[in-house]
2 protein chains.
Amino acid sequence: MLDALAQKFRSLGLDRDEDLDAFLRIVKVRRDGTRGEDVVGSGSSPKYLTVLLAGLTCLYESLEDGGRQIYAFQYPGDFCDLHSYVLPEPDMALAVGALTECFTGIIYYKDLDPTIRRHPQLGLALWRASMLEASILRERLLNVSRRPALERVAHLLCQELTRREAVGIYSAIVPLTQIDLADAAGLSVVHVNRIFQDLRKLGVLSENGRVIEVVSKKGLVGVAKFYRGYLDMPKRLSQWQVRIEGAAD
Amino acid sequence: MLDALAQKFRSLGLDRDEDLDAFLRIVKVRRDGTRGEDVVGSGSSPKYLTVLLAGLTCLYESLEDGGRQIYAFQYPGDFCDLHSYVLPEPDMALAVGALTECFTGIIYYKDLDPTIRRHPQLGLALWRASMLEASILRERLLNVSRRPALERVAHLLCQELTRREAVGIYSAIVPLTQIDLADAAGLSVVHVNRIFQDLRKLGVLSENGRVIEVVSKKGLVGVAKFYRGYLDMPKRLSQWQVRIEGAAD
DNA sequence: CGTGCTGTTGAGGACGATCAATGACGGTGG
DNA sequence: CCACCGTCATTGATCGTCCTCAACAGCACG
């Protein structure tokens with residue numbers, strides 16, 4: 001169950017088994033709800049960090065007008081509420097909701113604090129994890145801000161497909177509803193539905209309306225004008241590693 | 001010149017003079033360009049971190065279609081390229097441009113790395129700084145994604161006013177052009193101009209078309225439906241501090 | 001005294017929102 | 001086994017926000 005987490009941290013540069021083990025040891029596995037339930041409430045920040053181990057969740061905020069803004073989708077290995085670890089006051093009314101059945105792990109601050117102190121590389125890895133989130137967030141901002149609906153939805157799907165692959169999920173079926181996508185894209189559900197019909201006509205999505213199934217990944221990438229990844233850690237670390245090795249204390 | 005920086009880091013929880021001094025000592029002051037020039041290029045990541053000491057800059061990306069997406073405005077004390085410190089590969093084609101005359105400081109990685117190792121609190125403060133950026137970015141996403149143009153522009157102005165005050169700038173004149181605002185808001189320049197005329201009729205902005213001058217802050221806040229701040233660090237740290245004090249190694 | 005950047009104005013059109021129903025499916029309880 | 005209900009998908013019609021194009025005006029600069 002902790003595999004995804006271990007893999008992610010290795011790709012974040014936490015390569016010494018000693019550091020990794022120390023971290024994994026303080027994670028307590030736990031089962032959490034299904035679609036509709038909140039994994040992390042919007043209320044006061046708890047005494048622990050939550051990390052997703054299996055399933056799909058989203059970081060969202062409920063709007064005054066009854067709407068919902070989805071800021072990010074979270075996959076196994078991602079932290080649900082890293083933001084509240086360093087910035088105690090809940091950012092706004094942020095919450096994390098489950099989109100599928102899912103499992104999480106929790107890490108008490110009181111365990112994490114000293115572990116980071118003893119394993120500085122762990123702190124760095126966490127910092128990187130949050131920078132990676134920020135990077136994805138910027139991409140999302142660009143997406144929402146500039147691209148027309150068709151491209152926007154396609155791009156969102158590309159992102160999810162890519163991130164899923166990064167954690168070893170290769171199914172062509174994306175476990176989201178049109179509603180989720182609309183909330184993330186900042187479009188009305190009705191319009192998303194029309195976009196879906198276009199994508200089907202283009203042979204990108206399957207005709208089965210019940211699930212979102214990507215039939216042609218090539219086509220999707222084309223429609224989305226989707227380039228490279230701000231998503232894959234591994235490659236991005238080479239340079240860093242060099243710097244660290246060379247920097248004696 | 002380093003005042004803004006020192007103040008910011010104190011508010012980020014770097015309260016021990018020893019840590020703060022160690023940090024300030026490795027900052028090298030430097031004068032940088034005026035409007036139109038890039039403070040940090042979009043090319044390869046350099047060997048140092050850049051921090052803004054005076055003036056106003058923006059983190060942006062040039063789009064294929066000739067447009068420009070502004071992700072964030074940066075004020076004295078803010079880092080220009082913190083993202084490339086932990087994530088070597090340039091995120092995308094990110095660059096930092098000067099919007100006014102400005103001064104920056106640079107901090108060589110080779111100086112920063114060991115300093116962080118010796119002063120863990122500094123690493124934490126930097127982490128917090130990047131989380132704060134992320135927090136502002138989320139707010140921006142919400143703004144761009146959901147609010148209609150009038151509210152959106154007003155909200156953007158409110159944010160800038162608030163952030164300026166946080167670093168001791170109380171002038172009612174915001175040194176941005178309508179173009180900058182359009183690029184940040186994801187609106188066309190023409191439309192922003194029309195919104196400006198509305199804001200003037202509402203008595204929020206001055207009639208002087210050459211500069212952006214907020215005449216009625218109350219009015220602006222009202223139009224924007226602008227609530228509280230994900231911006232002010234000080235208050236947010238109380239809780240954290242308690243946790244740290246209590247956690248013996 | 002041009003040249004460039006920024007701001008302003010008008011007209012027309014496209015994209016996406018909203019409102020209002022209806023359909024399709026799965027699960028629940030009688 | 002069937003009736004009921006809730007969630008999600010689909011469709012049509014209408015409307016409004018915001019974009020594009022195109023031109024011009026004002027100011028600052030060299």
Side-chain angles (χ1 to χ4, degrees), chain A residues 33-37 58 63 65-70 97-101 143-156 173-201 205-213 223, chain B residues 33-37 63 65-70 97-101 143-154 156 173-201 205-213 223:
Chain A
T34 40
R35 169 161 257 266
E37 295 175 39
C58 69
L63 276 25
D65 63 20
R68 172 179 71 153
Q69 174 65 50
I70 292 183
L99 297 178
T100 69
E101 177 106 347
N143 199 27
V144 162
S145 161
R146 302 299 172 111
R147 290 192 254 264
L150 179 64
E151 213 172 308
R152 198 188 300 184
V153 170
H155 206 276
L156 216 36
I173 294 177
V174 181
L176 295 173
T177 66
Q178 293 181 11
I179 299 175
D180 297 330
L181 237 22
D183 289 344
L187 294 168
S188 71
V189 186
V190 174
H191 200 60
V192 166
N193 181 281
R194 294 192 166 122
I195 296 298
F196 264 57
Q197 298 178 34
D198 293 342
L199 286 173
R200 289 191 192 119
K201 282 197 199 79
L205 292 185
S206 93
E207 294 293 338
N208 179 350
R210 293 274 77 186
V211 294
I212 301 177
E213 179 182 7
V223 172
Chain B
T34 41
R35 167 163 259 265
E37 295 175 38
L63 277 25
D65 62 22
R68 173 179 71 152
Q69 174 65 49
I70 291 182
L99 296 178
T100 69
E101 176 105 349
N143 198 28
V144 162
S145 161
R146 301 301 171 112
R147 290 192 253 264
L150 179 65
E151 212 172 309
R152 200 189 301 184
V153 170
L156 215 35
I173 294 177
V174 181
L176 295 172
T177 66
Q178 293 182 10
I179 299 174
D180 297 330
L181 237 24
D183 289 345
L187 294 169
S188 71
V189 186
V190 173
H191 200 61
V192 166
N193 181 285
R194 296 195 161 119
I195 296 298
F196 264 55
Q197 299 178 32
D198 293 342
L199 287 173
R200 291 194 191 115
K201 282 198 199 77
L205 292 184
S206 93
E207 293 292 337
N208 179 351
R210 294 274 77 185
V211 294
I212 301 177
E213 179 182 6
V223 172

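We name chains A, B, ... by the order of the sequence lines, and we start the count at 1 in each one.
Note: CG (A:Asn208) to C1' (D:dA9) measures 11 Å, nearest angstrom. In this structure, B:Asn193 atom CG and D:dC24 atom P are separated by 17 Å, rounded to whole Å. B:Arg210 places its CZ atom 11 Å from the P atom of D:dG26, with the value rounded to the nearest Å. For A:Ile179 and D:dC8, the CD1 to P distance is 5 Å, given to the nearest whole Å. Here D:dC18 presents its C1' atom at 16 Å from CD of B:Glu151, a figure rounded to the nearest Å. Atom-to-atom, CG of B:Leu150 to C1' of D:dC18 comes out at 13 Å; the value is rounded to the nearest Å.
No option in B:Leu176, B:Ile173, B:Leu199, B:Thr177 other than B:Leu176 meets the side chain to side chain contact (heavy atoms under 4.5 Å, CB included) test with B:Ile212.
Each of A:Pro148 and B:Gln197 was assigned the nucleotide of DNA chain C with the nearest heavy atom; the assignment lying further toward the 5' end belongs to B:Gln197.
Residue A:Arg200 is in sugar-phosphate contact alone, with no base atom involved, counting any heavy-atom pair closer than 4.0 Å across all strands shown. Using a 4.0 Å heavy-atom cutoff across all strands shown, A:Arg152 reaches no nucleic acid atom at all.
Direction of the helix axis in the helix from C:dC1-D:dG30 to C:dG30-D:dC1 shifts by 40° between the two five-pair termini, rounded to 10°.
Within a heavy-atom distance below 4.0 Å of DNA chain D, the residues of residues 182-192 of chain A found are A:Val190.
In summary, A:Arg68 and A:Asp180 engage in a salt bridge, as defined by a charged side-chain N under 4.0 Å from a carboxylate O.
Note on A:Arg35: a side-chain N or O is less than 4.0 Å away from OP1 or OP2 of D:dC8.
Protein chain B touches strand DNA chain C; the 5'-most and 3'-most nucleotides with an atom under 4.0 angstrom of its non-hydrogen atoms are C:dT6 to C:dA11.
In terms of heavy-atom proximity, A:Ala149 sits nearest to A:Leu187 at CB-CD1, 3.8 Å.
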